[in-house]
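Working notes, structure below.
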Number of protein chains: 2
Amino acid sequence: MNSVAKHLMSHGIRPSIQRIAIMQYLMGHATHPTVDTIYKDLHDDIPTLSRTTVYNTLALLEEKNAMMSITIDSHNVRYDGNANPHAHFQCRKCGMIFDSELNVTDLQNIKYPKGFDAQQVQVFYYGTCGKCREKEAMEKGKQIN
Amino acid sequence: MNSVAKHLMSHGIRPSIQRIAIMQYLMGHATHPTVDTIYKDLHDDIPTLSRTTVYNTLALLEEKNAMMSITIDSHNVRYDGNANPHAHFQCRKCGMIFDSELNVTDLQNIKYPKGFDAQQVQVFYYGTCGKCREKEAMEKGKQIN
DNA sequence: TTTCAATTTGTAATTTTTACAAATTAATAA
DNA sequence: TTATTAATTTGTAAAAATTACAAATTGAAA
């Protein structure tokens with residue numbers, strides 16, 4: 001049995017063709033794809049694949065902690081094959097999302113609301129990425145005023 | 001001039017009736033309302049208010065840093081009259097969002113992607129709130145098995 | 001096999017958000 | 001003030017994302 005199927009089974013998920021394909025896609029693409037991207041890319045290989053199956057499967061994978069979803073902007077939910085906690089950086093210019101390690105002890109000073117039992121934490125940074133800043137600098141350089 | 005109008009002007013926003021109403025709503029409701037909630041509540045007082053105006057105004061307020069938006073779940077963008085950085089806790093059972101202080105130094109150990117210039121940070125915790133946990137405990141108590 | 005349960009599919013509906021042009025309101029200058 | 005221009009608001013319609021649901025298919029168990 002392939003490693004993706006094993007990963008699914010270890011999370012209590014029966015490894016159907018579609019589920020393997022979607023999980024494999026997430027593990028091989030650390031690009032935080034949207035539902036639409038996943039659907040369109042996989043549809044080439046599995047022409048009978050349905051959008052609903054992609055939605056259902058992603059919901060299942062997340063519920064079983066085989067991956068995680070991030071809603072870093074208002075336009076689309078993104079999916080991340082890595083279910084371990086890590087911070088996300090999004091560039092406001094190009095929209096790209098970068099990963100970064102997150103040491104949970106970094107967050108230990110935050111005060112919890114009374115009685116709240118936290119199961120997951122997400123840290124999102126918004127700003128401008130290196131490439132876009134370089135581009136900006138270039139543009140500025142060209143301007144003579 | 002009322003304090004809400006002053007707040008808008010201090011952020012470079014001309015204080016129209018609609019803008020004051022929306023900003024005032026956010027300042028008076030720390031409930032992280034959605035666009036729809038804001039629209040429906042204000043529509044009672046300003047029957048001519050348009051949904052588009054709510055969207056446009058919220059975008060403007062955010063751009064000018066008079067408040068901030070949070071996309072803590074995939075269903076709706078939420079709005080927060082407090083533009084200062086603070087952590088958000090969402091209960092997965094009831095959906096409610098709680099605020100908590102966020103000391104930015106708590107996050108200083110996180111490694112940035114090379115060249116990334118961060119302008120904003122969001123910290124989201126997901127879990128179960130005190131009330132929902134109490135409810136759960138009650139339900140369990142009732143079960144005899 | 002046969003039966004039953006799980007999974008997938010496709011369509012349609014719902015919800016959220018954006019686009020855009022017309023109407024209204026406010027600001028500026030003659 | 002009045003005319004002109006700019007800013008803002010409105011409403012409709014379109015686009016995009018998500019969910020609901022029933023039928024069809026596939027897989028597992030008896």
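All values derive from a computational prediction rather than experimental measurement. A, B, ... follow the sequence lines: proteins, then strands. Residue 1 opens every chain.
- Judged by distance alone, the side chain of A:R78 and the main-chain N or O of A:I72 form no donor-acceptor pair under 3.5 Å.
- For A:F89 and A:Y125, the ring centers are positioned less than 6.0 Å apart.
- Side-chain contact of A:T57 with A:Q18: a donor-acceptor pair under 3.5 Å is absent, judged by distance alone.
- At whole-Å resolution of the value, CG in A:D73 and P in C:dT16 are 17 Å apart.
- When the P atom of C:dT25 is taken as reference, atom CZ of B:R19 falls 15 Å away, rounded to whole Å.
- Between B:T53 and B:R14, it is B:R14 whose nearest contact on DNA chain D lies nearer the 5' terminus.
- Between the side chain of A:S100 and the backbone N or O of B:K111, at least one donor-acceptor pair lies under 3.5 Å.
- In terms of position along DNA chain C, the nucleotide closest to A:S16 lies nearer the 5' end than the nucleotide closest to the other residue of the pair A:S74 and A:S16.
- Side-chain contact, A:D41 with A:H29: no donor N or O sits under 3.5 Å from an acceptor N or O.
- Nucleotides of DNA chain D that come within less than 4.0 Å of any heavy atom of chain B span, from the 5' end to the 3' end, D:dA7 to D:dT19.
- Atoms CD1 (A:I13) and P (C:dT7) sit 10 Å apart, rounded to a whole Å.
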Just the atom pairs and distances: protein N or O near nucleotides 11-14 of chain C's N or O, under 3.5 Å.
residue	atom	partner	partner atom	Å
C:dT11	O4	A:T52	OG1	3.4

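- Every residue was checked against the ring-ring contact (aromatic ring centres under 6.0 Å, His included) condition with B:Y79, not counting sequence neighbours, and none meets it.
- Between the side chains of B:N65 and B:H11, no donor N or O sits under 3.5 Å from an acceptor N or O.
- Remark: the B:E101 side chain and the B:N103 side chain contain no N/O donor-acceptor pair separated by less than 3.5 Å.
- Between the CD1 atom of B:I46 and the C1' atom of C:dT24 there is a distance of 15 Å, given to the nearest Å.
- Proximity of B:R51 to the phosphate of C:dT18: no side-chain N or O atom is located under 4.0 Å from OP1 or OP2.
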